[in-house]
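Read through the structure below, which is laid out as structure tokens, and then see the notes.
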Amino acid sequence: MIRDLFEEDMRDVRLAPGAMLLSGFARRFEAPCVTALRRVVAVAPFRHMVTPGGHRMSIAMTNCGAAGWVTDRTGYRYDSHDPQTGRRWPAMPDVFADLAAQAAARAGFDGFAPDACLINRYEPGARLSLHQDKNERDFSAPIVSVSLGLPAVFLLGGLRRADTPRRVPLVHGDVVVWGGPARLRYHGVLPLEAGHHLLMGGHRINLTFRRAA
Ligand code: MD3
Ligand code: FE
């Protein structure tokens, strides 16, 4: 079984109550994930969205699944359609749904069936400032995040914006499951350092799976 090849990389680390880092968990899915990602971005290309405050985000984003996260001058929301093409977001690839469900189950969340996958693409210098994910309807479902490509320093804050965040390095193949008391923690990503990754080139890709509707 191919999974054995990566077994030494598969450690589970509890980052905080409700937050479980599954080191290397996505590595055995990486080839089908890259294929699936190509199909998604062929239909729904990466784009830099604008925040309600009028700032162009340094991260490029797209979505797949029944609901996609979007931002523009009118606010943040989930939408069934891609505002750039007027079409529905591409369906969630089976390998994405399987990866998310298996990771969630391993962290204690059985039956996780995400209806949204936000895909973030970082280039060198791109960052994500401290925020909470609270546009979803149901906070009882976890969020599963998958890191691919270049490494990044993730900021794990507390439940208040003023809580000093902890720095957590995330590398290719890492999966973090955020549920229960961790679900509404502030979090962000420091500016990406330049580099080269064999699969993702000069980028970091982050997939976040959510139960949005
Ligand atoms: C902790 N993405 O898309 S993933 C986001 O690496 C987002 O692109 C980051 O924050 C990225 O909203 C971080 C880790 C993550 C995702 C969701 C969380 C951590 C979280 C929700 C609650 C608490
Ligand atoms: Fe977030």
Side-chain angles (χ1 to χ4, degrees), residues 13-23 25-26 33 37 40 46-49 51-52 57-65 67-71 75-78 89 96 99-100 103-104 107 109 112 114-161 163-193 197 200 203-212:
V13 182
R14 191 179 303 276
L15 295 175
M20 187 74 92
L21 166 60
L22 311 176
S23 296
F25 187 88
C33 273
L37 187 59
V40 168
F46 284 112
R47 80 293 306 267
H48 294 270
M49 296 188 199
T51 65
M57 296 186 74
S58 60
I59 309 174
M61 295 176 161
T62 186
N63 291 277
C64 61
W69 187 86
V70 294
T71 176
Y76 308 122
R77 65 189 175 278
Y78 282 93
W89 295 106
F96 280 16
L99 166 55
F109 296 93
F112 179 55
D115 59 0
C117 174
L118 170 60
I119 306 170
N120 295 328
R121 188 188 68 191
Y122 295 73
E123 58 187 25
R127 61 191 286 274
L128 190 56
S129 55
L130 223 53
H131 67 280
Q132 289 174 300
D133 290 17
K134 52 182 186 188
N135 296 125
E136 301 73 26
R137 203 162 287 168
D138 176 9
F139 298 144
S140 69
I143 289 183
V144 173
S145 75
V146 176
S147 293
L148 298 170
L150 289 176
V153 178
F154 175 75
L155 297 173
L156 173 55
L159 293 175
R160 292 165 306 177
R161 186 180 288 280
D163 295 336
T164 304
R166 218 174 101 197
R167 294 171 178 223
V168 180
L170 292 178
V171 304
H172 176 75
D174 284 351
V175 176
V176 191
V177 181
W178 310 90
R183 177 63 183 75
L184 288 173
R185 278 183 177 251
Y186 279 87
H187 57 279
V189 179
L190 289 183
L192 193 79
E193 301 275 359
H197 187 272
M200 296 295 169
H203 293 108
R204 170 176 188 258
I205 301 282
N206 182 264
L207 314 173
T208 52
F209 296 95
R210 299 126 187 274
R211 186 87 216 159

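Worth saying up front: this structure is predicted, and the values here are computed from it rather than measured. As the structure lists them, so they are numbered: ligands from 1, and atoms in each ligand from 1. All residue numbers refer to positions in the sequence shown, counting from 1. No hydrogens, no waters, no symmetry mates; every other heavy atom, side chains included, goes into these values.
- Pairs engaging residues 178-189 under the salt bridge (Lys or Arg N to Asp or Glu O under 4.0 Å) rule: E136-R183 [sequence neighbours left out].
- Aromatic pair H197/H203: ring centres not closer than 6.0 Å.
- Considering just the N/O/S atoms of H131, the one nearest the Fe ion (ligand 2) carries the name NE2.
- Take R160 and apply the salt bridge (Lys or Arg N to Asp or Glu O under 4.0 Å) test, not counting sequence neighbours, and it matches D163.
- Taking the six-membered ring for Trp and the full ring otherwise, F154 and W178 have centroids separated by under 6.0 Å.
- A pairwise comparison of heavy atoms in A116 and Y78 identifies CB-CE2, 4.0 Å as the closest pair.
- Sorted by chain then number, the residues whose non-hydrogen atoms approach ligand 1 to under 4.0 Å are L118, N120, Y122, L128, H131, D133, I143, S145, F154, W178, A182, R183, R185, H187, V189, R204, N206, T208, R210.
- Looking only at distances, a side-chain donor or acceptor of N206 sits under 3.5 Å from a matching main-chain atom of V146.
- Between the Fe ion (ligand 2) and the N, O or S atoms of D133, the shortest distance is to OD1.
- Partners of R47 by salt bridge (Lys or Arg N to Asp or Glu O under 4.0 Å), not counting sequence neighbours, listed by chain and number: D82.
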